[in-house]
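What follows is one structure encoded as structure tokens, with my remarks underneath.
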Amino acid sequence: MGGASLSILSPSKPIPDPDGEDLQNPSEALLQAGTKNPISSAKPPTNAILFTFILLTTSVAIAASMAFAFLFFSSSSSSQSPPPSIPSIPLHLATRPLTRLNKPVVILISSDGFRFGYQFKTPTPNIARLIANGTEAETGLIPVFPTLTFPNHYSIATGLYTPFHGIINNRFVDPASGEVFTMRSHEPKWWLGEPIWVTVANHGLRAATYFWPGSEVKKGNWSCPSNFCQNYNNSVPFEERVDTILQYFDLPISEIPVFMTLYFEDPDYQGHQVGPDDPAITEAVGRIDRMIGRLIQGLEKRGMFEDVTIMLLGDHGMVGTCDKKLIFLEDLAPWIKLPSDWVMTITPVLSIRPPSGVSPSHVVDKMNEGLSSGKVGNGKNLRVFLKEDLPERLHYKASNRIPPIIGLLEEGFKVEQTRSNEQECGGAHGYDNAFFSMRSIFIAHGPQFARGRKVPSFENVEIYNLVTSILKIKGAPTNGTASFPNSILLQS
Ligand SMILES: [Zn+2]
């Protein structure tokens with residue numbers, strides 16, 4: 001279990017246990033907008049100031065009425081997740097002009113398992129610089145359920161909830177074919193939806209991926225080209241990853257990829273081993289900050305830092321787990337026997353597929369009867385559902401890859417099949433995405449992000465549309481909110 005996403009992503013290591021854990025021509029508009037930026041235009045004449053004042057006053061009134069209309073319509077919307085209510089951007093702020101580049105470039109960085117709040121564990125001057133001069137989700141980025149590495153990275157990349165992009169767990173069985181998906185499966189049939197690097201390639205633009213779940217899968221015009229698509233290898237030093245990204249900025253400007261990913265296994269790796277409240281986490285967070293510093297300094301040296309959009313985020317959080325918070329499936333035997341081959345994944349996402357002939361609803365009823373009897377240790381901390389009865393907000397039913405029975409655990413609890421003598425205290429994730437501990441960070445710095453702005457938390461399915469908006473390309477349909485990019489990005 002402690003192997004985390006690092007061991008799971010590794011092509012050279014064995015398949016993990018199921019309980020293991022394991023991102024044309026936009027430049028013209030942008031440049032034009034930049035030259036008209038009222039901040040940068042020097043000393044306008046008096047009548048221009050007056051005109052600007054009238055324009056701003058009128059715009060404020062229009063914006064206020066639009067905001068009201070937005071709130072009105074959003075409050076009357078359906079059972080879908082309500083669009084996040086983002087405070088409007090001051091109207092004097094517009095997209096900042098590019099100086100060195102002639103096109104928007106986005107670097108999407110994932111720090112695996114970077115739980116929201118880790119940035120306060122230790123001085124993180126480089127992350128703090130991005131926050132101070134950029135836009136931050138004030139209380140973190142909300143992962144999708146299940147809060148696991150592969151489902152979330154692919155939701156970030158596609159803007160889709162897991163049933164729609166197909167990666168419903170780090171490991172699952174296709175019930176139709178019996179084939180097993182693992183974190184080393186690169187066949188396109190598993191990976192549904194359109195990840196951002198495919199969208200970029202389909203627009204005739206260049207993307208570069210330095211690790212990201214799904215990036216090695218050939219789809220659309222994306223062929224995972226060897227010079228711009230790194231095959232996963234957890235032994236590559238973080239410094240080398242950053243330096244490779246920096247080298248792309250030494251290419252002729254027309255050849256610089258417009259979208260790049262950068263992935264770090266930390267601090268997820270440490271989080272699994274020791275839990276979120278250990279000096280090893282503090283150390284790992286400090287190291288991630290130094291990598292961000294290395295990237296910033298490299299871009300500054302090339303005169304491109306202010307032109308590039310950096311989005312720093314994580315896939316999920318982390319919570320401490322100890323063996324005193326265990327629920328054993330064997331304890332349910334008086335109500336129902338659960339053979340291990342019915343159990344597709346055990347913790348933190350318990351998923352069960354009984355054989356044909358055994359009614360899933362019967363299994364659910366018997367399991368919940370036992371769990372609520374008071375006779376099963378920690379039983380009240382596990383609730384079992386038919387997947388169609390799961391809360392809508394989890395968006396976890398519309399795929400036959402999802403087993404018919406899903407158990408939701410209270411924060412920090414674990415399920416095991418049988419008792420063992422193993423004793424451990426570590427960390428886990430995968431729990432309900434409503435738990436604050438499962439949240440990660442969202443920090444964005446670049447020409448289209450206001451400086452020092454805080455926005456409310458939002459779900460990571462909004463990221464895809466943010467990237468396509470910045471790149472000014474038409475994206476594929478997503479589960480994101482159509483109005484979201486306009487609410488968070490500076491307007492050109
Ligand atoms: Zn993990």
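Order of listing sets the numbers, starting from 1, for every ligand and every atom in it.
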field: ring pair (Phe, Tyr, Trp, His ring centres under 6.0 Å): pairs with one or both residues in residues 121-146, sequence neighbours excluded
entry: Phe145-Tyr396
query: Do any of the N, O or S atoms of Asp268 sit under 2.8 Å from the Zn ion (ligand 1)?
result: yes
query: For His429, what is the atom name of its N, O or S atom nearest to the Zn ion (ligand 1)?
result: NE2
- prompt: Do Arg287 and Phe238 meet the cation-pi criteria used here (NZ or CZ under 6.0 Å from the six-membered ring centre, within 45° of the axis)?
  reply: yes
statement: d(Lys218 NZ, Cys224 SG) to nearest 0.5 Å is 6.0 Å
field: Residue pair Arg115 / Ser437, side-chain donor-acceptor N/O under 3.5 Å
entry: no
query: Is the distance between the Zn ion (ligand 1) and the nearest N/O/S atom of His272 smaller than 2.8 Å?
result: yes
